[in-house]
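No experiment lies behind these values; they were computed from the predicted model shown. Worth knowing before you read on, the calculation uses all heavy atoms, side chains too, and leaves out hydrogens, waters and symmetry mates. To find a chain, count down the sequence lines: A is the first, B the second, and so on, and within it residues start at 1.
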Amino acid sequence: DAGITQSPRHKVTETGTPVTLRCHQTENHRYMYWYRQDPGHGLRLIHYSYGVKDTDKGEVSDGYSVSRSKTEDFLLTLESATSSQTSVYFCAIRTSGEYNEQFFGPGTRLTVL
Amino acid sequence: AQSVTQPDIHITVSEGASLELRCNYSYGATPYLFWYVQSPGQGLQLLLKYFSGDTLVQGIKGFEAEFKRSQSSFNLRKPSVHWSDAAEYFCAVGAGNNRKLIWGLGTSLAVNP
């Protein structure tokens, strides 16, 4: 358990509304990630952060923005949600050490109607 | 291009039978390799990891994996499967100094009683 929580765990929203998902970690890891998981597509990286205010795009970043104003929190925002953003969203941290492995939060199931 | 292939989308085995899940990768340098497991409705859990040293690595839950450089493979094995092993299994390769992971699409394992 890498001390990662995600909120909310479930959310239903309507097309066109803004949505913010929060990832919180308790162990001061520098790297944090947002993924989405969809059937047939596996895990796809949306954005990641390598420090406070330092972020970079992943492979499916269109329609998403992120912010990291504190080490422990990494926010994912859908400015105007679309039905194609219905998915399960996972946050992860990367440890620092020999393997730099990633550990995952429990996920947020988002439904956009 | 860097990629990870898990050739088997779905596998069904009987409880007590042996298991091998295949993972092939394409990566120019010495890779960091990982196997994760995802139980239904859960987040991803790290099963095992490899970077160097003994090419047969032991993980949690009785799993092991063998790195074969000549075959660009990192196959996951378990000698005797339990019903609780039914889950989705993902292979991943660390890229860019492990800043990002390249993911396979996963193999879904079903276990017959």
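Side-chain N or O atoms of Tyr36(B) include none that pairs as donor or acceptor with a backbone N or O of Phe103(A) at under 3.5 Å. Distance alone, capped at 3.5 Å, is enough to place a donor-acceptor pair between the Tyr33(A) side chain and the Arg99(B) backbone.
With a 6.0 Å radius and a threshold of 12 heavy atoms from other residues, nucleotides or ligands, Glu20(B) has its CD atom above the threshold.
Expressed to the nearest 0.5 Å, how far CD1 of Ile102(B) lies from CG of Leu43(A) amounts to 13.5 Å. Remark: Leu101(B) CG to Gln102(A) CD distance equals 4.0 Å, nearest 0.5 Å.
Hydrophobic clustering (side-chain heavy atoms under 4.5 Å, transitive across Ile, Leu, Val, Met, Phe, Trp, Tyr) keeps Phe104(A) apart from Leu105(B). Using a 4.5 Å cut-off between side-chain heavy atoms of Ile, Leu, Val, Met, Phe, Trp and Tyr, with links allowed through other members, Val57(B) and Phe34(B) fall into different hydrophobic clusters. Transitive grouping of hydrophobic side chains (ILVMFWY, heavy atoms separated by less than 4.5 Å) keeps Phe90(B) and Val111(B) in distinct clusters. Linking ILVMFWY residues whenever their side-chain heavy atoms come closer than 4.5 Å, directly or via other members, leaves Val37(B) and Val88(A) in distinct clusters. Two different hydrophobic clusters hold Leu21(A) and Leu75(A) under the rule that ILVMFWY side chains link at heavy-atom gaps under 4.5 Å.
Both the backbone and the side chain of Phe51(B) have a heavy atom closer than 4.5 Å to some heavy atom of chain A. For a residue to count as touching a neighbouring chain, one of its non-hydrogen atoms must lie under 4.5 Å from one of that chain's; by this rule Gln6(B) does not touch chain A. Residue contact with chain B, scored on non-hydrogen atoms closer than 4.5 Å, involves the side chain of Tyr35(A) exclusively.
Ranked by non-hydrogen atom pairs under 4.5 Å with chain A, the options Leu44(B), Ile9(B), Leu46(B) are led by Leu44(B). When Gln37(A), Arg44(A), Glu59(A) are compared by the number of non-hydrogen pairs under 4.5 Å with chain B, Gln37(A) comes out ahead.
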Derivation of the side-chain contact (heavy atoms from CB on, under 4.5 Å) call for Phe90(A) and Gln38(B): CA-CA 12 Å; Phe90(A) 287 100; Gln38(B) 184 181 31; 3.3 Å; yes
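Using a 4.5 Å heavy-atom threshold, the side chains of Leu33(B) and Tyr99(A) count as separate.
The heavy-atom pair separating Glu98(A) from Tyr32(B) by the smallest distance is O-CE2, 3.2 Å.
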